[in-house]
A.B. asks: 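One structure coming up, written as structure tokens, with questions to follow.
Remember, it's a predicted structure, so these values are computed and weren't measured experimentally. Below, chain A is the first sequence line, B the second, and so on; all start at residue 1.
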Amino acid sequence: MSETPYRYTADLAETIELAWQDRWEEEGTFHAPNPAGPWAEPDKVAGREKLLVLDMFPYPSGAGLHVGHPLGYIATDVFARYHRMTGKNVLHCLGYDAFGLPAEQYAVQTGEHPRKTTEENMVVMKRQLRRLGLGHDDRRTIATIDPGYYKWTQWIFTQIYNSWYDPEAVRPDGGKGRARPISELVAEFEKEGGSRWAVNSEGRPWAEMNDVERAEILDMFRLAYTSEAPVNWAPGLGTVLSNEEVTNDGRSERGNYPVFKTNLRQWMMRITAYADRLADDLDRVDWPDKVKAMQRNWIGRSQGARVAFAVDGTDIPIEVFTTRPDTLFGATFMVLAPEHPLVDSLVPQGDWASDTNPTWTSGQASPAAAVAAYRLAASRKSDVERQTEGKDKTGVFTGAFATNPVNGQRIPVFIADYVLMGYGTGAIMAVPGQDQRDWDFATQFELPIIRTVQPSEGHPEDEPFTGEGPAVNSANAEVSLDGLGVSEAKATIIEWLAGKGFGQPTVNYKLRDWLFSRQRYWGEPFPIVFDEDGVSHAVPDSMLPVELPDVPDYSPKTFEPEDASSQPEPPLGRVEEWVNVELDLGDGRGLRKFRRETNTMPNWAGSCWYYLRYLDPANDAAFVDPENEAYWMGPHATPVIGAAEGVVDPGGVDLYIGGVEHAVLHLLYARFWHKVLHDLGHVTSDEPFRKYFSQGYIQAPAYRDDRGQPVEASEVVEVADPATGETSYAWQGQPVTREFGKIGKSLKNVVSPDEMFEQYGADTLRVYEMSMGPLELSKPWETRAVVGAQRFLQRLWRNVIDEETGAVRVVDVPLDDATARALHKTIDAVSKDFPTLGFNTAIARLIELNNALTKLDAVPREAAEKLVVMVAPLAPHIAEELWQRLGHSESITFETFPVADPAMLVEDTVTCVVQIKGKVRDRLEVPSDISEDALREQVLGLPKVVAATEAGIRTVIVRAPRLVNVVPL
RNA sequence: GCCGGAGUGGUGGAAUGGCAGACACGGAGCACUCAAAAUGCUCUGCUCGAAAGGGCGUGCGGGUUCAAGUCCCGCCUUCGGCACCA
């Protein structure tokens with residue numbers, strides 16, 4: 001029989017934790033009231049501040065959670081629980097991003113319906129999350145695979161499909177450019193003499209066009225449209241991918257399959273229309289600079305000019321984009337991407353001109369032969385090969401010459417694969433004097449180099465100069481840039497070019513439109529049907545959702561991963577009775593025959609708007625009640641900290657925590673959808689995530705044997721060398737090497753939260769994870785160290801409960817002065833740390849206070865109660881239990897967080913540090929309100945100071961009351 | 001190559017320009033115990049010293065300052081992101 005039957009052990013923790021989780025569920029403790037909609041409880045909303053705290057949408061993985069996953073969930077939970085104690089109406093919940101590749105791949109292998117495995121995984125994950133004691137509003141746990149959810153995903157798609165971007169329309173905030181219903185565009189087309197009109201390629205006006213022609217015109221405007229364009233095709237996956245899903249070595253982010261560029265008709269999202277707003281509005285949100293930089297980089301906005309170069313023998317000029325129009329006088333040749341559509345019309349018939357430099361011809365007999373050979377070779381090169389070639393420039397002369405508009409010089413036109421068709425105009429003016437790549441090419445092909453910016457002193461002769469400097473060699477009869485700085489020269493030449501009709505200022509972006517269709521089964525079907533003319537139509541709202549049908553075979557047709565010539569075939573295409581339908585779309589044309597779109601949406605679709613559905617998940621009439629959206633997400637009265645003067649707050653989720661791996665993909669797509677919904681008047685907020693915080697990762701030790709293969713980490717033992725005391729590691733008797741890496745199956749280093757619950761309890765796990773270090777840092781997991789968190793909670797428990805009798809042992813006596821001061825210092829520190837996510841330092845302060853209480857003979861009730869309240873956000877179960885045992889019947893959840901008494905924060909006396917020449921030499925207890933003069937005098941009288949200043953004193957720095965620095969002569 | 005972050009004890013980490021190393025893990029010792037575990041207490045940056053006390057110390061080299069982990073300049077290492085982006 002144990003002598004301490006009431007000790008806080010893992011078993012007791014489990015009993016307490018399960019009991020409180022049941023009670024929270026029964027009482028609906030974390031149900032957050034809504035102002036409107038099906039769950040309207042306006043009286044509970046009134047007079048309280050709101051707070052919306054969310055985690056990134058998780059995928060319910062079949063392996064369950066490991067200890068790295070809950071880091072962010074615990075952090076948001078602590079934050080949310082803290083704010084409930086400050087009286088706010090806090091909404092915190094979590095759903096499932098349940099469409100996804102793993103379930104589908106499992107289905108392909110086993111024939112098991114992906115819905116079944118996904119739902120099973122969700123059950124496991126739900127259990128694990130509940131066991132953590134997260135204060136989620138469980139009514140709002142949505143899943144993207146529910147038809148009731150994806151009905152609204154499809155509805156949003158039709159909203160985007162039925163919209164166009166009007167760059168001239170004025171927004172409520174005064175800016176220009178917003179989405180408008182496509183019906184308004186059609187109305188303008190139909191208006192005779194209206195401000196907008198359209199003609200098709202044959203010159204026929206709107207009124208005379210047939211349906212197919214009109215659909216083609218509208219596809220040029222719709223924000224969701226189909227287009228035949230080069231897309232990323234991964235034969236090994238059997239699907240196409242967005243640019244964001246392709247790694248920089250030309251492989252799929254998921255599965256690491258080769259990706260090829262193929263021309264296919266696919267669904268696209270016109271995200272480029274929002275490029276400026278997506279870049280500019282980063283100034284309005286509170287996000288890590290790193291993530292803002294990644295988005296800006298991805299959008300890749302650059303200011304420059306478009307300049308047209310006339311070409312000998314054709315009427316069509318070559319248009320280039322340049323960010324350095326000031327260097328135009330140094331343009332000595334041009335380069336087109338091999339795929340550039342003008343190449344064919346440029347290449348002259350017949351043989352090379354007799355004076356052609358032999359290095360330009362690559363040994364081919366004629367320009368046409370050389371170009372054909374080079375294009376073929378370029379098309380066969382993968383992105384990887386193009387990259388590994390690095391700076392070795394290849395290319396070939398087209399035989400054509402263009403004219404430099406500023407000086408009339410005839411300059412040769414090349415094709416080379418260092419110019420990319422996907423950026424700018426796919427053609428450049430080459431300025432070797434001021435560009436490294438052009439310099440390399442010019443050197444290789446013996447082309448002239450003219451410096452048009454004076455290099456700085458000492459700049460090597462044999463290198464291009466890309467820095468700032470005065471323009472040289474840059475004048476014609478009408479304009480001179482000589483002597484001007486780069487930005488003045490740019491402005492001057494652009495003005496001249498524009499006046500002459502040779503060019504105009506322009507802005508270019510790296511961002512491409514978002515490829516939105518996938519040839520997969522496990523995703524949202526498009527709410528789109530095609531009529532017998534092949535014209536697309538949105539399915540009317542009344543027919544949503546378009547439910548995902550069952551199929552005999554879940555796999556898209558996959559191919560040899562290297563088979564670039566293969567074509568995608570979506571699985572839904574095999575369900576003929578689903579694909580071919582007769583519908584009345586309500587457009588007055590009655591029942592007609594249609595074919596359904598057989599592609600499905602990418603995984604990102606469901607995660608682009610889920611945070612909005614949390615706000616009103618039971619609403620059948622709308623994706624979210626506007627009042628609920630305005631309440632939870634609406635703009636704040638004041639902009640975020642650090643935002644520029646005059647900026648309007650965008651609103652959005654008050655705190656969003658998730659991994660930085662979604663910095664570009666999810667966060668950019670969600671912002672885009674949100675802005676469309678904002679423009680169309682469906683949401684008041686202009687950004688989805690007002691404050692985003694990217695948490696670090698938890699890494700765990702992994703071990704490899706002598707062949708470099710990972711071995712099961714849990715079976716590795718630590719061996720201490722008896723002679724040197726150095727530790728090494730062994731697995732089944734063999735020596736292994738240790739490293740720290742991402743937790744997962746591949747490194748065999750998974751630590752499950754289930755093990756932690758069993759050995760320590762959820763509260764201990766929560767405290768340990770929050771105490772490891774700053775939330776934004778990646779930190780190594782150390783199971784051995786978890787015991788520190790458990791000891792803290794155990795001491796806390798013992799301060800309140802007698803381990804032998806189970807009786808409450810706090811005493812109803814007033815606080816002594818030292819305890820009161822320690823308590824209020826802790827309150828002060830902790831209430832600064834919680835709102836700023838400084839949980840590691842908050843825990844350190846709480847441990848200090850708890851240890852101070854441990855040293856008392858008996859713990860005063862006031863100190864114990866306030867400590868328990870402060871611990872509650874971090875370790876809610878033990879706090880609830882102690883709170884109840886201290887005699888309270890209500891949950892601690894809404895207890896008011898203690899407020900520090902400022903009078904208790906000022907000490908009567910403080911330790912003054914006495915420095916001599918900046919080094920600490922003595923200490924002195926002084927009254928905290930001591931005057932500078934009195935302190936100086938006292939310090940100068942100290943024996944050590946007297947001894948050190950025998951030669952005299954140079955200066956004395958007094959920072960009363962904490963520091964005096966005496967500097968002797 | 002470009003952009004951004006990080007380098008502090010044996011380990012994770014803490015420090016509005018003002019006592020470097022809070023708190024925790026690990027380690028050492030002591031108490032309790034027949035013993036062990038658990039728990040409690042003490043010590044724990046390196047170094048010289050019996051001690052008192054001293055010297056050194058926040059990746060490296062400079063600088064600013066009475067005073068630098070913190071600010072500035074130049075490097076090194078490392079981790080992310082982007083990358084022939086005109």
A.B. asks: Under 4.0 Å between any heavy atoms, over every strand shown, what does Asn965(A) touch: base, sugar-phosphate, or nothing? Just pick one.
C.D. replies: base
A.B. asks: Expressed as a whole number of Å, how far does the P atom of A15(B) sit from that of A6(B)?
C.D. replies: 14 Å
A.B. asks: How long is the span from the CG atom in Leu775(A) to the CE atom in Met770(A), to the nearest 0.5 Å?
C.D. replies: 6.0 Å
A.B. asks: Round to a whole Å and report the spacing from NE2 of His662(A) to C1' of G80(B).
C.D. replies: 16 Å
A.B. asks: Tyr692(A) side chain to Gly658(A) main-chain N or O, any donor-acceptor pair under 3.5 Å?
C.D. replies: yes
A.B. asks: G80(B) pairs with which nucleotide, Watson-Crick or G-U wobble, both distances below 3.5 Å?
C.D. replies: C3(B)
A.B. asks: Of all residues at least two apart in sequence or in a different chain, which pass the side chain to side chain donor-acceptor pair (under 3.5 Å) check with Glu782(A)?
C.D. replies: Arg784(A)
A.B. asks: Should G61(B) form a Watson-Crick or G-U wobble pair with both distances under 3.5 Å, which nucleotide is its partner?
C.D. replies: C73(B)
A.B. asks: For the backbone of Tyr8(A) and the side chain of Gln794(A), can you confirm whether one donor and one acceptor N or O come within less than 3.5 Å of each other?
C.D. replies: yes
A.B. asks: Taking side chain as C-beta onward, heavy atoms only, is Val343(A) less than 4.5 Å from Val413(A)?
C.D. replies: no
A.B. asks: May I ask you to evaluate whether Asn851(A) reaches the phosphate of A24(B), defined as a side-chain N or O under 4.0 Å from OP1 or OP2?
C.D. replies: yes
A.B. asks: Expressed in whole Å, how much space separates the P atoms belonging to G17(B) and C71(B)?
C.D. replies: 8 Å
A.B. asks: Check the angle between the aromatic planes of Tyr703(A) and Tyr729(A) and answer parallel, tilted or perpendicular using the 30° and 60° thresholds.
C.D. replies: tilted
A.B. asks: With Phe465(A), which residues qualify under ring-ring contact (aromatic ring centres under 6.0 Å, His included), at least two apart?
C.D. replies: His459(A)
A.B. asks: State whether the side chain of Lys944(A) and the backbone N or O of Arg921(A) hold a donor-acceptor pair below 3.5 Å, judged by distance alone.
C.D. replies: yes
A.B. asks: Heavy atoms under 4.0 Å, any strand shown: does Asn840(A) hit a base, just sugar-phosphate, or nothing?
C.D. replies: sugar-phosphate
A.B. asks: Start with the C-alpha distance between Gln790(A) and Asp763(A), add both sets of side-chain angles, then the distance that settles side chain to side chain contact (heavy atoms under 4.5 Å, CB included), and finish with yes or no.
C.D. replies: CA-CA 8 Å; Gln790(A) 190 189 33; Asp763(A) 280 334; over 6 Å; no
A.B. asks: Could you label the plane-to-plane angle of the Phe333(A) and Phe414(A) rings as parallel, tilted or perpendicular, counting under 30° as parallel and over 60° as perpendicular?
C.D. replies: perpendicular
A.B. asks: Quote, to the nearest angstrom, the P distance that separates G29(B) from G12(B).
C.D. replies: 25 Å
A.B. asks: Gln915(A) side chain N/O closer than 4.0 Å to the phosphate oxygens (OP1, OP2) of C66(B)?
C.D. replies: no
A.B. asks: Can you sort out which residues in residues 772-781 of chain A have a heavy atom within less than 4.0 Å of RNA chain B? Ascending by number, please.
C.D. replies: Met772(A), Pro774(A), Leu777(A), Ser778(A), Lys779(A), Pro780(A)
A.B. asks: How far does the P atom of G18(B) sit from the matching atom of G69(B), given to the nearest Å?
C.D. replies: 10 Å
A.B. asks: If you measure from the Lys or Arg side-chain nitrogens to the Asp or Glu carboxylate oxygens, is any gap between Asp438(A) and Lys393(A) under 4.0 Å?
C.D. replies: no
A.B. asks: Glycosidic conformation of G9(B), syn or anti, with 90° from 0 as the boundary?
C.D. replies: syn
A.B. asks: Could you work out which one of C84(B), C23(B), A20(B) sits closest to the side chain of Val920(A)?
C.D. replies: A20(B)
A.B. asks: If you measure from the P atom in A68(B) to the same atom in G61(B), how many Å do you get, rounded?
C.D. replies: 15 Å
A.B. asks: First locate atom CG of Leu874(A), then atom CD1 of Ile843(A), and finally report the distance between them rounded to the nearest 0.5 Å.
C.D. replies: 4.5 Å
A.B. asks: For RNA chain B, what residues of residues 828-836 of chain A have any heavy atom nearer than 4.0 Å?
C.D. replies: none
A.B. asks: Rounded to the nearest 0.5 Å, what separates atom NZ in Lys510(A) from atom CZ in Arg296(A)?
C.D. replies: 14.0 Å
A.B. asks: Give the residues of residues 286-304 of chain A touching RNA chain B, defined as any heavy atom closer than 4.0 Å, sorted by residue number.
C.D. replies: Lys290(A), Met294(A), Asn297(A), Ser302(A)
A.B. asks: For nucleotides 25-29 of chain B, list the nitrogen or oxygen atoms of the protein found under 3.5 Å from its nitrogen or oxygen atoms, one pair per line.
C.D. replies:
from	atom 1	to	atom 2	distance (Å)
C25(B)	OP1	Arg791(A)	NH1	2.6
G26(B)	OP2	Arg791(A)	NH1	3.4

A.B. asks: Please measure how far the P atom in A20(B) lies from the corresponding atom in G13(B), and state the result in whole Å.
C.D. replies: 23 Å
A.B. asks: Look at Lys919(A) and C56(B) and indicate whether a side-chain polar atom (N or O) is within less than 4.0 Å of OP1 or OP2.
C.D. replies: yes
A.B. asks: Provide the distance between the two P atoms, one in U78(B) and one in U8(B), to the nearest whole Å.
C.D. replies: 14 Å
A.B. asks: According to the Watson-Crick and G-U wobble definitions, with both distances under 3.5 Å, which nucleotide is paired to G45(B)?
C.D. replies: C56(B)
A.B. asks: State whether the side chain of Arg512(A) and the backbone N or O of Gly422(A) hold a donor-acceptor pair below 3.5 Å, judged by distance alone.
C.D. replies: yes
A.B. asks: Val913(A) near the nucleic acid: base, sugar-phosphate alone, or nothing, with a heavy-atom cut-off under 4.0 Å?
C.D. replies: base
A.B. asks: If you measure from the Lys or Arg side-chain nitrogens to the Asp or Glu carboxylate oxygens, is any gap between Asp828(A) and Lys825(A) under 4.0 Å?
C.D. replies: no
A.B. asks: Under 4.0 angstrom, heavy atoms only, what part of the nucleic acid is Arg845(A) near: base, sugar-phosphate, or nothing?
C.D. replies: base
A.B. asks: So which one's nearest nucleotide on RNA chain B is more toward 5', Ile847(A) or Arg923(A)?
C.D. replies: Arg923(A)
A.B. asks: Could you measure between the two P atoms, the one in U58(B) and the one in G45(B), and give it in whole Å?
C.D. replies: 16 Å
A.B. asks: With a 4.0 Å cut-off on heavy atoms, is Ser771(A) in touch with a base, just the backbone sugar-phosphate, or nothing at all?
C.D. replies: nothing
A.B. asks: Figure out the CZ/C1' separation between Arg7(A) and A38(B), and round it to whole Å.
C.D. replies: 5 Å
A.B. asks: Searching all strands shown, indicate the nucleotide that pairs with A20(B) (Watson-Crick or G-U wobble; both distances under 3.5 Å).
C.D. replies: none
A.B. asks: Which nucleotide, if any, forms a Watson-Crick or G-U wobble pair with G40(B), using both distances under 3.5 Å?
C.D. replies: C30(B)
A.B. asks: Taking atom C1' of G17(B) as reference, at what distance in whole Å does atom CG of Leu963(A) sit?
C.D. replies: 11 Å
A.B. asks: Closest-nucleotide mapping onto RNA chain B: is Thr841(A) or Arg921(A) further toward the 5' terminus? I mean the 5' end.
C.D. replies: Thr841(A)
A.B. asks: Let me know the distance between OH of Tyr8(A) and P of A38(B), rounded to the nearest Å.
C.D. replies: 18 Å
A.B. asks: Under 3.5 Å for both donor-acceptor distances, Watson-Crick or wobble: does G10(B) have a partner, and if so which one?
C.D. replies: C25(B)
A.B. asks: Could you state the atom-to-atom distance from CD of Glu848(A) to C1' of A14(B) in whole Å?
C.D. replies: 10 Å
A.B. asks: Check the distance between A24(B)'s C1' and Tyr760(A)'s OH and give it to me in whole angstrom.
C.D. replies: 14 Å
A.B. asks: Does any part of the side chain of Arg936(A), heavy atoms only, come nearer than 4.5 Å to the side chain of Val964(A), both counted from C-beta?
C.D. replies: no
A.B. asks: Starting at atom CZ of Arg962(A), determine the distance to atom P of C19(B), rounded to an integer number of angstrom.
C.D. replies: 10 Å
A.B. asks: Using both distances under 3.5 Å as the test, list the Watson-Crick or G-U wobble partner of A51(B), or none.
C.D. replies: none
A.B. asks: Which pair of heavy atoms, one from Val967(A) and one from Lys917(A), lies closest together, and at what distance?
C.D. replies: CG1-CG, 4.2 Å
A.B. asks: How long is the line joining OH of Tyr418(A) and C1' of G1(B), in whole Å?
C.D. replies: 17 Å
A.B. asks: Measure the acute angle between the ring planes of Phe445(A) and Phe441(A), then classify it against the limits of 30° and 60° as parallel, tilted or perpendicular.
C.D. replies: parallel
